[in-house]
Amino acid sequence: MNPSLGDLVSPDRFREPLDVDQVTALVARQFLCSMLRIRIAENRLAEARRDGLIGGPVHLGVGQEAIAVGVSASLRPTDRIFGAHRSHSHLLALGSSVHGLFAEVLGKDTGHSRGMGGSMHLWDQTKGFYGSVPIVAGTVALAVGAGLAAKLQKTGDVAVAYLGDGAVEEGVVHESLNLARIQNIPVIFVVENNLFASHMHISIRQPSDATARFAVANDIPARVIDGNDVIAVAESAKDAVIRARQGGGPSFIEAATYRWYGHVDWRDDIDVGVNRSQDDVANWKARDPIARLRAAMVAQGHWSAAKDADLEATLNREMEEAWERAMQDPYPAESALLDRVYAK
Ligand SMILES: Cc1ncc(C[n+]2csc(CCOP(=O)(O)OP(=O)(O)O)c2C)c(N)n1
Ligand SMILES: [Mg+2]
């Protein structure tokens, strides 16, 4: 396999409309709606954080929406999905409530973790989201364990571990890959390779920018794809999920992408670290996963500026309502502090 991401990380490539011929107009619309919903929600969080309304840090994945949306298209609520510190998209793409996310980030009792966790401890088991934690790579082995449980229970469910290119540098990921392969566990490793771990570019951390070489080393089928192409992501995820459900074991998807905001909160981070200039950010914005899908749908005659305006207005309304409600919601009672610390 090619040990480099090659053209996939060239910021002036992959700007053209997507090839949407293989999905129905309805599916394309669902993808667009889901990506836009995540983007508007995250931009709302960025603003609120900047305005001092949110107490804890928020790690935003604006620009990376196609990955979670493409992967989630093949998942069902009984699957077991794990994220990390940048997981708003992983949660929302499963259809989880925006209000639950906003309330959680605001520390309210109505939040997905009853206001005890904030942006980096999300959880919604009704949708299959088993949790996110700030410990980089901390959930990868949990996903492998959840996949093993599904295998033993013979449910046909799969586990998904979303992780970053930085997380792949943690030893537990390599142990997890090995165990998943040797036990033939139904787990899909989805690496969102956005080229950065905090402020460090991958070129000063790794001899190659492709993390899929670790899948190859563990004899796990891997695909390296454009993470800003929701159709390509959905297709790769579908193959991996079908394989896992049928007893074919683990798969690895490396999706090349880029985050528009800096590492944390609303800033650009063009003045810290290396290899992140204003030009890079602007060039990657021209590879916008939403704009590329939208352009393809318009070219097919299934979408228009008017429909777009309607959708944005509807989503904006949904966000404002969710935000206002979350702002009014109560904080958890002090007596509830230990309720979720120990198993009953
Ligand atoms: C075990 C551990 N080490 C370090 C950190 C600090 N930290 C938080 S996010 C991050 C970078 C992670 O990069 P990556 O996995 O590529 O995810 P991204 O932020 O790019 O989405 C680091 C080093 C941490 N939270 N946990
Ligand atoms: Mg990264």
Side-chain angles (χ1 to χ4, degrees), residues 4-5 8-9 11 38-39 42 45-46 49 56-71 81-93 117-122 131-143 160-177 188-215 224-228 233 252-270 272-276 280-281 284 287 289:
S4 142
L5 293 179
L8 284 177
V9 286
I38 294 166
R39 177 156 309 171
E42 287 212 296
L45 291 175
R49 177 76 178 132
V58 288
H59 297 77
L60 303 161
V62 172
Q64 305 188 174
E65 299 88 350
I67 301 171
V69 170
V71 169
I81 297 111
F82 292 81
H85 57 288
R86 198 181 303 286
S87 276
H88 304 148
S89 63
H90 307 151
L91 175 83
L92 294 181
S119 157
M120 290 187 280
H121 295 92
L122 303 171
S132 64
V133 302
I135 309 296
V136 167
T139 48
V140 178
L142 302 184
V160 173
Y162 285 108
L163 63 158
D165 49 295
V168 176
E169 291 158 7
E170 295 286 349
V172 67
V173 172
H174 303 270
E175 297 172 61
S176 298
L177 290 170
I188 297 117
F189 300 93
V190 180
V191 174
E192 294 174 303
N193 189 340
N194 59 16
L195 306 175
F196 284 87
S198 303
H199 309 303
M200 288 179 81
H201 190 263
I202 197 161
S203 59
I204 53 172
R205 302 175 359 241
Q206 289 285 325
S208 156
D209 57 8
T211 67
R213 66 194 197 281
F214 300 117
V224 181
I225 57 170
D226 176 8
N228 286 15
V233 176
F252 188 104
I253 298 170
E254 174 160 26
T257 188
Y258 200 83
R259 53 168 160 68
W260 292 9
Y261 286 108
H263 171 61
V264 62
D265 299 331
W266 70 95
R267 301 175 192 88
D268 274 343
D269 278 4
I270 48 172
V272 292
V274 291
N275 295 357
R276 186 174 163 95
D280 289 330
V281 178
W284 275 93
R287 287 181 60 167

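When a ligand or atom number is given, it counts from 1 through the structure's own listing order.
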### Query
So, Thr139 side chain and Gly83 main chain: donor-acceptor pair closer than 3.5 Å or not?
yes
### Task
Please tell me if the side chains of Leu5 and Leu195 come closer than 4.5 Å, counting only heavy atoms from C-beta onward.
yes
### Query
What are the protein N/O/S atoms, named by residue and atom, that sit under 2.8 Å from the Mg ion (ligand 2)?
Asp165 OD1, Asn194 OD1, Phe196 O
### Task
Kindly say whether Met200 contributes a backbone atom to a donor-acceptor pair with the side chain of Arg205 at under 3.5 angstrom?
yes
### Task
Name the orientation class of the two ring planes belonging to His90 and Tyr162 (parallel below 30°, tilted from 30 to 60°, perpendicular beyond 60°).
parallel
### Query
Would you say Asn228's side chain and Arg287's backbone share a donor-acceptor pair under 3.5 angstrom?
yes
#### Entry: Protein residues having a heavy atom less than 4.0 Å from any atom of ligand 1
His85, Arg86, Pro134, Ile135, Val136, Gly164, Asp165, Gly166, Ala167, Glu170, Asn194, Phe196, Ala197, Ser198, His263
### Message
Going by salt bridge (charged side-chain N to carboxylate O under 4.0 Å, His left out), name the residues that satisfy it together with Arg276, two or more places apart in sequence or in a different chain.
### Response
none
#### Entry: Which residues share a salt bridge (charged side-chain N to carboxylate O under 4.0 Å, His left out) with Glu170, sequence neighbours left out
none
### Side chains of Met120 and Arg86 in contact at under 4.5 Å (non-hydrogen atoms)
no
### Task
Please confirm whether the backbone N or O of Glu254 pairs with a side-chain atom of Asn193, one donor and one acceptor, at under 3.5 Å?
no
